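Below: one structure, written as structure tokens.
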Amino acid sequence: MGQSSEIKRGFAAMNTEQQRQIASQGGKAAHEKGTAHEFTSEEARAAGRKGGEVVSQNREHMAAIGRKGAEARSQASNGARKNRGSHEQHVKPMEQQSHQG
């Protein structure tokens, strides 16, 4: 049987919410029983470093992340400019105030 024609059973056949609920119950039970593994800050740091090294080896992925960041920065900058108004909008009221006196 090929993978595309296989029928999902058990956990795999459940929807995402059901899977989450069962996994959560398992995690809670393990904590209550005292068998759950809790990462130390050093273990978590090492895992994060390892994951970062793996991800950063994919240059296409890193380039895509950089493009998204630049795009977001550009959009934020354009939005801020629109909210501030033009230089002339800020200068004209000041000129009017100084000529009135």
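Every heavy atom of this structure was used, including side-chain atoms; hydrogens, water molecules and symmetry mates were not. What you see is a predicted model; the values in this text were computed from it and never measured.
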Inset, instruction - Scan for side-chain hydrogen bond (donor to acceptor under 3.5 Å, both in side chains) pairs involving residues 9-19, sequence neighbours excluded, and state none if there are none. - result: none
Inset, instruction - Can you run down the side-chain hydrogen bond (donor to acceptor under 3.5 Å, both in side chains) pairs that involve residues 21-32, sequence neighbours left out, and say none if there aren't any? - result: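 Qualifying pairs: H31-E38.
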Inset, instruction - Using salt bridge (Lys or Arg N to Asp or Glu O under 4.0 Å) as the criterion, list what pairs up with E42, not counting sequence neighbours. - result: R45
Legend entry - Sequence-distant partners of K33, side-chain contact (heavy atoms from CB on, under 4.5 Å), two or more places apart: T35
Inset, instruction - Please collect all ring pair (Phe, Tyr, Trp, His ring centres under 6.0 Å) contacts where either partner lies in residues 33-56, sequence neighbours excluded, each pair once. - result: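 Found H37-F39.
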Report, one line per pair, each donor and acceptor closer than 3.5 Å where one atom sits in a side chain of residues 58-70; sequence neighbours left out.
residue : atom : partner : partner atom : Å
N58     : OD1  : E60     : N            : 3.3
N58     : OD1  : H61     : N            : 3.1

